[in-house]
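Below is one structure, written out as structure tokens; comments come after it.
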Amino acid sequence: MAGKAAAPGTGILLVTANVGTLFDDTENLQKNWLREFYQTVHAQKPQFLSLHCQEVGGKNYEASMAHVDKLVKDLLSSDAMKEYNRARVYLDENYKSQENFTALGSFYFLHESLKNVYQYDFKAKKYRKVTGKEIYSDTLESTPMLEKEKFPQEFFPESKSSRKGFIRTRWCITDCAFDLVNIHLFHDASNLIAWESSPSSYSGIRQKALSYVLNSITDHRFEKVPYFVFGDFNFRLDLKLVVETLCAKTTMQTVHATDSGTVDKLIFRESENDRKVVLQIEKKLFDYFNQEVFRDNNGTALLEFDKELSVFKDRLYELDITFPPSYPYSEDSSQGKQYMNTRCPAWCDRILMSHSAKELLLKSENDERIVIYDSIGPNICMGDHKPVFLSFRIAAGAGKRCQLNEKIYRETTL
């Protein structure tokens, strides 16, 4: 399963997947999802694989715990993963603690060909060699091999049961240190509110939360290393500008709720053509008459409205997006490319990195495509989110060397 002998460096595969809807239809969706995931692993042949999941267990974690256990067991024991002889799994299963529960799950798999991999102990402030397969769950707060935090309630006060936060781990591979951060940011609660302003009030909430994470992982408690932040950022297109563009030649009708007088629906009609309805917007409805605009050329014409990352251009880097918006896909297992009419399609699921992490990505000396940023299962139903992956190679000795303690160093050099 390891990369070709001629391929330089160490193969790395980072995957982010919001898996919440997999637990609504474990028979079909989960089976499809695993098959496509394993095919991606087989195609990329990484030596180090990181899978960051959000919404593990779905809407009702307590009822889905058996399905979560089955998913974990499958990932750890599948024939497709048999050459990965070491693993670390971190599952936030403490659903009874509303002040701490994030529903995040971070999975790390090490190929048998990869030697001397270390993980950082944040409490002891030293690296520990990774051996065997271990699963940590329930109260991750007591696990020294990671940092986990749920965002403060005041970040998004209207969402009383929000499960948004982040988990950070630190790794040393081929004497190169880097952080991997699993993240889940706040969603747009209402299309109508998102449409009101440019940028939307929700984008400001996400900006605040992401700044909080970046400040936390780069503070002075630990040595600064390159980092990759990947998860469900819930980044949305600037809805006001999207609607202005898609509905430039329409007239708008505003429908108010009879009891409160608040805006209940927006209807955009063509001025001619029998006043055909082009778009309807409600709190949880975004019904545009032609979904092809979001799929044509992978939706790249809409990237100009994807603006939320621009605020962080001095701190974060992302490869060019060449795949369609990753959310919200139909949950009908027979529909692999259809979007739901609930939200404007957007690139919610992303893999971002510090500028120092960008320098770790081995550049190709020929035309071989050794850095790939894409989605998984483009034609298969994977739930409402398409997983997104980044495949690359790290050259030996790239970046910042790991500060291994003397005992570990002697073990690795003997």
- Item | Nearest atoms (heavy-atom pairs only) where Pro387 meets Trp33 | CG-NE1, 3.4 Å
- Is the NZ or CZ atom of Lys358 positioned over Tyr317's six-membered ring, under 6.0 angstrom from the centre and within 45° of the axis? yes
- Message: Under the criterion side-chain contact (heavy atoms from CB on, under 4.5 Å), I'd like the reasoning laid out for Ile167 against Leu140: C-alpha separation, chi angles, the key distance, then a yes or no.
- Response: CA-CA 9 Å; Ile167 291 177; Leu140 294 182; 3.9 Å; yes
- Side-chain H-bond candidate by donor/acceptor type, Arg295 with Asn290, under 3.5 Å: no
- Item | Nearest heavy-atom neighbours spanning Gly57 and Ser64 | O-OG, 2.9 Å
- Note on the structure: When rounded to the nearest 0.5 Å, the distance separating OG of Ser333 from CD1 of Ile380 is 10.5 Å
- Item | With His52, the ring-ring contact (aromatic ring centres under 6.0 Å, His included) member among Phe230, Phe166, Phe107 | Phe230
- Message: Tell me if the CG atom of Asn215 is crowded by more than 12 foreign heavy atoms within 6.0 Å.
- Response: yes
- Message: salt bridge (charged side-chain N to carboxylate O under 4.0 Å, His left out) for Arg163 and Glu55? Distances and angles first, verdict last.
- Response: CA-CA 8 Å; Arg163 300 182 291 189; Glu55 293 293 343; 2.4 Å; yes
- Between Cys176 and Cys402, is the SG gap short of 2.5 Å? no
- Task: Indicate whether any N or O donor in one side chain lies under 3.5 Å from an N or O acceptor in the other, for Tyr373 and Glu318.
- Result: yes
- Evaluate the side-chain proximity of Leu316 to Leu309: yes if any heavy-atom separation is below 4.5 Å, no if none is. yes
- Shortest non-hydrogen separation from Met382 to Leu22 and the atoms involved: O-CD2, 3.7 Å
- Query: Do other residues, nucleotides or ligands put more than 12 heavy atoms under 6.0 Å from Lys133 NZ?
  - Reply: yes
- Please say which of Phe178, Tyr120, Tyr108, Phe228 ends up in a ring-ring contact (aromatic ring centres under 6.0 Å, His included) with Trp171. Tyr108
- Query: Charged N to carboxylate O under 4.0 angstrom, Asp121 versus Lys123?
  - Reply: no
- So Phe156 and His187, would you call those rings parallel, tilted or perpendicular, with 30° and 60° as cut-offs? perpendicular
- Item | Gln54 and its side chain to side chain donor-acceptor pair (under 3.5 Å) partner, picked from Asn182, Asn18, Asn234 | Asn182
- Step-by-step side chain to side chain donor-acceptor pair (under 3.5 Å) determination, Tyr38 to Asp74: CA-CA 11 Å; Tyr38 292 145; Asp74 198 311; 2.6 Å; yes
- Message: Less than 4.0 angstrom from a charged side-chain N to a carboxylate O is my criterion; do Glu141 and Lys150 meet it?
- Response: no
- Message: Quick check for you: to the nearest 0.5 Å, what is the distance between Leu192 atom CG and Thr262 atom OG1?
- Response: 8.5 Å
- Query: Which of these passes ring-ring contact (aromatic ring centres under 6.0 Å, His included) with His385: Trp347, Tyr327, Phe233?
  - Reply: Tyr327
- Message: Would you say the ring centers of Phe101 and Tyr61 fall short of 6.0 Å from each other?
- Response: yes
- Item | Phe389 side chain reached by Asp374 side chain, heavy atoms, under 4.5 Å | yes
- Query: With a 3.5 Å cut-off and no angle check, do the side chains of Glu93 and Tyr95 form a donor-acceptor pair?
  - Reply: no
- Item | Steps toward side chain to side chain donor-acceptor pair (under 3.5 Å) verdict (Thr300, Asn297) | CA-CA 6 Å; Thr300 50; Asn297 196 26; 2.8 Å; yes
- Message: Would Arg88 and Thr169 count as a side-chain contact (heavy atoms from CB on, under 4.5 Å) here? Give the steps.
- Response: CA-CA 11 Å; Arg88 292 293 182 271; Thr169 57; over 6 Å; no
- Query: Does some side-chain heavy atom of Tyr227 sit less than 4.5 Å from a side-chain heavy atom of Leu214?
  - Reply: yes
- Message: If I compare all heavy atoms of Arg236 with all of Cys348, which pair ends up nearest, and what's the gap?
- Response: NE-SG, 3.5 Å
- Heavy-atom side-chain proximity of Val19 to Val56 below 4.5 angstrom: yes
- Rounded to the nearest 0.5 Å, the CG atom of Leu13 sits from the OG atom of Ser391 at a distance of 5.5 Å
- Answer yes or no: is there an ion pair linking Asp92 with Lys148, defined by an N-O contact shorter than 4.0 Å? yes
- Task: Report yes if some heavy atom in the side chain of Met353 is under 4.5 Å from a heavy atom in the side chain of Leu361; otherwise report no.
- Result: yes
- Do Val68 and Phe23 have side chains that get closer than 4.5 Å, going by heavy atoms? yes
- Item | Pair Lys284-Asn191, side-chain donor/acceptor within less than 3.5 Å | no
- Item | Minimum-distance pair of heavy atoms, taken over all atoms of Met81 and Val41 | SD-CG1, 4.3 Å
- About how many Å separate CG of Asn32 and CD of Glu27, when rounded to the nearest 0.5 Å? 10.0 Å
- Would you kindly say whether Asn298 and Thr322 are connected by a side-chain donor-acceptor distance under 3.5 Å? no
- Under the salt bridge (charged side-chain N to carboxylate O under 4.0 Å, His left out) criterion, do Asp238 and Lys307 qualify, and how do the steps go? CA-CA 7 Å; Asp238 189 312; Lys307 298 172 175 289; 5.9 Å; no
- Heavy atoms of Glu147 and Phe222 approach each other most closely as OE2-CE1, 3.5 Å
- Message: Cation-pi check for Tyr329 against Lys337: NZ or CZ below 6.0 Å from the six-membered ring centre and within 45 degrees of the axis, yes or no?
- Response: no
- Query: Between Leu266 and Val255, does a side-chain contact (heavy atoms from CB on, under 4.5 Å) hold up when you go through it step by step?
  - Reply: CA-CA 6 Å; Leu266 301 173; Val255 179; over 6 Å; no
- Task: Report the C-alpha distance between Leu104 and Tyr90 in whole Å, list the side-chain angles of each, state the deciding distance to 0.1 Å, and finish with yes or no for side-chain contact (heavy atoms from CB on, under 4.5 Å).
- Result: CA-CA 8 Å; Leu104 293 173; Tyr90 301 102; over 6 Å; no
- When you check the side-chain N and O atoms of Ser330 and Gln335, is any donor under 3.5 Å from an acceptor? no
- Atom CG in Leu239, atom CG in Asp188: separation rounded to 0.5 Å? 7.5 Å
- Message: Under the criterion salt bridge (charged side-chain N to carboxylate O under 4.0 Å, His left out), I'd like the reasoning laid out for Glu36 against Lys31: C-alpha separation, chi angles, the key distance, then a yes or no.
- Response: CA-CA 9 Å; Glu36 295 295 317; Lys31 191 180 296 183; over 6 Å; no
- Find out whether Asn116 and Lys129 are in side-chain contact, i.e. whether some heavy atom of one side chain is under 4.5 Å from a heavy atom of the other. yes
- Task: May I ask you to decide whether Arg350 forms a salt bridge with Asp306, counting only side-chain N to carboxylate O separations under 4.0 Å?
- Result: yes
- Query: To the nearest 0.5 Å, how far apart are CZ in Phe155 and CD1 in Ile205?
  - Reply: 10.5 Å
- Is it true that Arg206 and Glu308 have a side-chain N and a carboxylate O under 4.0 angstrom from each other? yes
- Message: So Arg128 and Met145, do their side chains get closer than 4.5 Å, heavy atoms only?
- Response: yes
